[in-house]
Amino acid sequence: MTAAAPARPDTREMIVVHDLFRRLFGDLPGLIAAVSDGDVARAVRLCDCVDELTTGLEHHHTNEDELLWPKLLDRVGLDTAIVLKAEEQHERVHELLELVQTHTKRFRVSAGAGDRDCLAATLAELDEALREHMADEERLILPLVEEHLTVAEWAELGERGRAGIPKDRLLIQLGWMLDGVSADDRQAFLRELPLPARIAWRLIGKRRFAREKAEIYGTAQPGGVAARPR
């Protein structure tokens, strides 16, 4: 006997994605601030990380703008104010993302203390705005999704998000997501992946991710001295 298909969307994957953004945007201000004046190699490595993360966040928000907000506004009735506030928060986050991208371009070239401090401060401001938005989204928007969207509509959002990840970065992104969950949740997450993906993760992905994480954090530990408190 086959299991019945879920009647409502399972929104837990969204929280996993949010946790990834919380960890990295939370740690990056401290990591950037710790770069020595003139250390171009370290500046470039961290700027690569910032660029990939901001591109991922922009893609994530664009998908919500196109696939989520219009459906909810059509269906939630008296709760439209909640959705409109989320849209306004996206606009604020987008403004800060543009500032981060401007400062990143400068710091990548100069590795100077002034550009470093501007980037670190703007990343900290972005982190604060993003945390507020994601907390509201998890508390207020996801229950509306579970009530008003179909499983297929929610799945489309997830598929669009995964399609935006370059194929050569899929295993690394999987590593960042798994890095923030409990051992039990990690095993449950991996069980949902196709067998070839699980094999690729064990044989290739784990080592590549461990190497990249070491490059990003250096001697600093996530949540440690060089990272912003959570």
Side-chain angles (χ1 to χ4, degrees), residues 3 6 9-32 45-64 68 123 126-127 130-131 133-135 137-139 141-142 145-146 151 154-230:
D10 183 347
T11 60
R12 288 175 294 180
E13 185 177 349
M14 179 70 80
I15 298 175
V16 173
V17 173
H18 283 181
D19 284 344
L20 184 156
F21 287 136
R22 272 187 279 258
R23 291 195 310 278
L24 287 177
F25 278 116
D27 288 343
L28 276 169
L31 292 169
I32 293 290
R45 185 63 190 90
L46 289 180
C47 285
D48 286 344
C49 181
V50 172
D51 284 344
E52 183 174 43
L53 194 60
T54 55
T55 298
L57 179 58
E58 283 186 320
H59 182 68
H60 177 75
H61 278 188
T62 296
N63 293 340
E64 290 181 338
L68 184 56
L123 279 167
L126 172 60
D127 176 48
L130 187 59
R131 284 173 184 272
H133 167 65
M134 293 189 300
E137 191 167 274
E138 291 168 9
R139 182 171 58 91
I141 296 292
L142 293 187
V145 167
E146 293 166 3
V151 172
W154 182 248
E156 181 185 10
L157 186 66
E159 290 165 5
R160 176 88 73 88
R162 288 185 288 275
I165 303 173
K167 290 183 179 179
D168 64 344
R169 297 294 296 168
L170 283 169
L171 290 174
I172 299 298
Q173 291 298 320
L174 174 62
W176 284 117
M177 286 191 284
L178 294 175
D179 194 51
V181 301
S182 68
D184 288 343
D185 287 343
R186 186 179 304 120
Q187 292 305 314
F189 193 95
L190 287 170
R191 281 196 297 271
E192 295 299 317
L193 296 178
L195 179 60
R198 295 201 300 272
I199 294 173
W201 167 249
R202 288 199 302 269
L203 297 181
I204 303 170
K206 288 178 71 172
R207 288 196 302 274
R208 288 184 179 174
F209 169 69
R211 183 166 60 248
E212 176 156 318
K213 185 177 178 182
E215 290 173 357
I216 297 299
Y217 283 95
T219 58
Q221 294 299 312
V225 173
R228 280 168 53 77
R230 297 193 181 128

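In this text the structure is predicted, and so the values were computed from the model without any measurement.
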**Q** Just how far is it from atom CZ of F25 to atom CG of L53, taken to the nearest 0.5 Å?
**A** 3.5 Å
**Q** In a check of salt bridge (Lys or Arg N to Asp or Glu O under 4.0 Å) between E212 and each of K206, R169, R207, which one passes?
**A** R169
**Q** May I ask you to test the R162-E13 pair for a side-chain heavy-atom distance under 4.5 Å?
**A** yes
**Q** Which heavy-atom pair separates L31 from L46 by the least distance, and what is that distance?
**A** O-CD1, 3.6 Å
**Q** Among T54, D27, L28, find the residue that satisfies the side-chain contact (heavy atoms from CB on, under 4.5 Å) test when tested with L123.
**A** L28
**Q** In Å and rounded to the nearest 0.5 Å, what is the CD1 to CD1 distance from I165 to I172?
**A** 11.5 Å
**Q** I'd like to check L130 versus F21 (side-chain heavy atoms, cut-off strictly below 4.5 Å). Are they in contact?
**A** yes
**Q** More than 12 foreign heavy atoms under 6.0 Å from CZ of R186: is that the case here?
**A** yes
**Q** Please find out if less than 6.0 Å separates the ring center of H133 from that of H18.
**A** no
**Q** Atom CG of D168 and atom CD of Q173: how far apart are they, to the nearest 0.5 Å?
**A** 10.5 Å
**Q** Donor-acceptor check, side chain of N63 to backbone of H59, threshold 3.5 angstrom: yes or no?
**A** yes
**Q** Which heavy-atom pair separates P9 from V151 by the least distance, and what is that distance?
**A** N-CG2, 3.9 Å
**Q** When rounded to the nearest 0.5 angstrom, what is the spacing between CZ in R208 and CG in L171?
**A** 6.5 Å
**Q** Given 3.5 Å as the limit, does a donor-acceptor pair link the side chain of T11 with the main chain of M14, or not?
**A** no
**Q** Salt bridge or not between R22 and E138? Use side-chain N to carboxylate O under 4.0 Å.
**A** yes
**Q** Does anything in residues 163-190 pair up under ring-ring contact (aromatic ring centres under 6.0 Å, His included), and if so which pairs, sequence neighbours excluded?
**A** W176-F209
**Q** Determine whether D19 and V181 satisfy the following criterion, side-chain contact (heavy atoms from CB on, under 4.5 Å), listing intermediate values before the conclusion.
**A** CA-CA 9 Å; D19 284 344; V181 301; 5.7 Å; no
**Q** For L193 and R198, which heavy atoms make the closest approach, and how far apart are they?
**A** O-NH1, 2.5 Å
**Q** Quick one: do D48 and E52 satisfy side-chain contact (heavy atoms from CB on, under 4.5 Å)? Show the steps, please.
**A** CA-CA 6 Å; D48 286 344; E52 183 174 43; over 6 Å; no
**Q** Applying side-chain contact (heavy atoms from CB on, under 4.5 Å) to R160 and E64, what does each step give before you reach the verdict?
**A** CA-CA 10 Å; R160 176 88 73 88; E64 290 181 338; over 6 Å; no
**Q** Rounded to the nearest 0.5 Å, how far does CG of L157 lie from NE2 of H60?
**A** 7.5 Å
**Q** Kindly indicate whether the side chain of L142, heavy atoms from C-beta on, has any atom under 4.5 Å from the side chain of I15.
**A** yes
**Q** What do the steps show when you test W201 against L170 for side-chain contact (heavy atoms from CB on, under 4.5 Å), and what is the final call?
**A** CA-CA 10 Å; W201 167 249; L170 283 169; over 6 Å; no
**Q** Do R23 and L20 have side chains that approach each other closer than 4.5 Å (heavy atoms only, starting at C-beta)?
**A** yes
